[in-house]
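Letters A, B, ... are given to chains in the order of the sequence lines, protein chains preceding strands, and every chain is numbered from 1. From a predicted model like this one, the values you see are computed outputs, not experimental measurements.
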Amino acid sequence: MADPIERIRTAITSDKIVIFMKGNRNFPQCGFSAATVEVFEELGAPYATVDVLADQEVRDAVKTYSNWPTIPQVFINGKFIGGCDIVRELHSSGELQTLVKAALGESAHQ
Amino acid sequence: MARYSGELMEAQEIKQMIECGLPGAHVEVRDFTGGGDHFEALVVSESFEGKGLVERHQAVYGALGDAMKARIHALTLKVMTPSQYQNRR
């Protein structure tokens, strides 16, 4: 199996929007992960998830990779955007929708 | 709730660590759940001027160092410059 950093790079370049979270979109295992998924559900934007509870190596490596100590972590177009607070703050200011639209290259449907 | 490897922290301790790491910052910390593992912090610092949200949060996490890894399960942050804080009220 590729080393964790490679697995992270593959994940964040395989989809435009990637959420490293605890659990998955249907069974989030932590309130912050659930709230982050909820934001993208509201935007109606397609996103992929990586369950860090199923991959302890990635769980640790992603914190070093993005220099961010907590989970969830959101990447858009391979770039680290933030954790739950920042995603919610960007969502309330409308900046997140702009980022998502630019990443998807078309209007994110409501 | 899972036990954490270090003992839990007090809001006051977190406040001091952030003030140490960001000299001159106005810091308010509140224990969100009363359980000592989920805190909410407001940090107002001139050093945030011209910095995006990620950088601001990373500066606060930097001030907290290892405590952030082992002893703080959840920390919700509000990070502003003094002018943002003035306009916010």
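Taking every heavy atom of both residues into account, P69(A) and M68(B) meet most closely at CG-CG, 3.5 Å.
Looking at L53(B) and L90(A), their side chains come closer than 4.5 Å, going by heavy atoms from C-beta outward. Using a 4.5 Å cut-off on side-chain heavy atoms (C-beta onward), N67(A) and Y61(B) make no contact.
At a heavy-atom cut-off of under 4.5 Å, chain B is reached by no residue from residues 47-64 of chain A. Residues of residues 13-41 of chain A placed with any heavy atom under 4.5 Å of a heavy atom in chain B are listed by number as K22(A), F32(A).
With a threshold of 4.5 angstrom between heavy atoms, L75(B) approaches chain A through N, CA, C or O but not through any side-chain atom.
Heavy-atom pairs under 4.5 Å with chain A peak, among V79(B), L77(B), L64(B), I72(B), at L77(B).
Atom CD of E6(A) is surrounded by more than 12 heavy atoms from other residues, nucleotides or ligands within 6.0 Å.
V27(B) is not connected to F32(B) by any chain of hydrophobic side-chain contacts under 4.5 Å among Ile, Leu, Val, Met, Phe, Trp and Tyr, and they are in different clusters.
A donor-acceptor pair under 3.5 Å is absent between the side-chain atoms of D85(A) and the main chain of T76(B), judged by distance alone. Without hydrogens or angle criteria, E89(A) side chain to K78(B) main chain gives no donor-acceptor distance under 3.5 Å.
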